[in-house]
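Just so we're clear, the structure is a prediction, and the values are computed from it rather than from any experiment.
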Amino acid sequence: DGGITQSPKYLFRKEGQNVTLSCEQNLNHDAMYWYRQDPGQGLRLIYYSQIVNDFQKGDIAEGYSVSREKKESFPLTVTSAQKNPTAFYLCASSMSRIGGLAGWGDTDTQYFGPGTRLTVL
Amino acid sequence: AQTVTQSQPEMSVQEAETVTLSCTYDTSENNYYLFWYKQPPSRQMILVIRQEAYKQQNATENRFSVNFQKAAKSFSLKISDSQLGDTAMYFCAFMPYNQGGKLIFGQGTELSVKP
């Protein structure tokens, strides 16, 4: 089955610890994204990557880091610098984000993984 | 700043009836996409429907359809023949064409379908 997997489903972190959330996709998508969801709110973009070995900050990148060494993987590290990390984290991917080259179509639609719930103890 | 507003925090509908969820957005862009996503209690985000801004025809997907009014910057979702499985949080989202695929979400509308 093709899809996006995130692990773990639940994660607990102690104060001052770094933790890494996994996101893997086997859809052969070029672009991948990380969002944060707080209770009663919509999603906010943390980081995104359009191609391997390249990524950009989103709206709330402070306290987070990412890597994109492989096309199918886009792990997110929540560092101790993130002051309020308790939230639900969602990873997404899309076929292409090269806009005009790909033309209009379904290439920009983002598909989401099942999410990771991070709680700081 | 580009924003998405969903003015109805909660809505309810009887099974088999029709309900419309509202969404407005603010942008100076001319080219963009609009989406409705559904988040059931499992919290998995599921694409419901998408609309390209350059298309005048409203998108439809089975029981789901949109009313896209570009001049008014309005993008409402109509669910016909509501089913119990439609119970979920619904998010409207906006994607400008030239900003790296960034999705901007509204706050969501919690829809309850009652038997």
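Interface residue Q39(B): only side-chain heavy atoms are found under 4.5 Å from chain A.
Residue I4(A) is grouped with residue L43(A) when hydrophobic side chains (ILVMFWY) are merged at heavy-atom distances under 4.5 angstrom, including chains of intermediate members. One hydrophobic cluster holds both L27(A) and F35(B) under the rule that ILVMFWY side chains link at heavy-atom gaps under 4.5 Å. Grouping the Ile, Leu, Val, Met, Phe, Trp and Tyr side chains by contacts below 4.5 angstrom, directly or via other members, places V78(A) apart from L90(A).
Note that R43(B) lies in the cation-pi zone of F88(A), set by a 6.0 Å cut-off to the ring centre and a 45° limit from the axis.
Within 6.0 Å of CD in E62(A) there are 12 or fewer heavy atoms belonging to other residues, nucleotides or ligands.
A 4.5 Å side-chain heavy-atom check between F105(B) and Q37(A) finds every atom pair outside the cut-off. Inter-residue side-chain proximity for M45(B) and Q110(A) is flagged as unmet; no heavy-atom pair is nearer than 4.5 Å. Inter-residue side-chain proximity for L103(B) and Y35(A) is flagged as met; some heavy-atom pair is nearer than 4.5 Å. At least one side-chain heavy atom of K102(B) sits less than 4.5 Å from a side-chain heavy atom of D59(A).
Residues F112(A) and Q44(B) share a closest heavy-atom pair of O-NE2, 2.7 Å.
Distance check, rounded to the nearest 0.5 Å: OG1 of T109(A) to OH of Y33(B) gives 7.5 Å.
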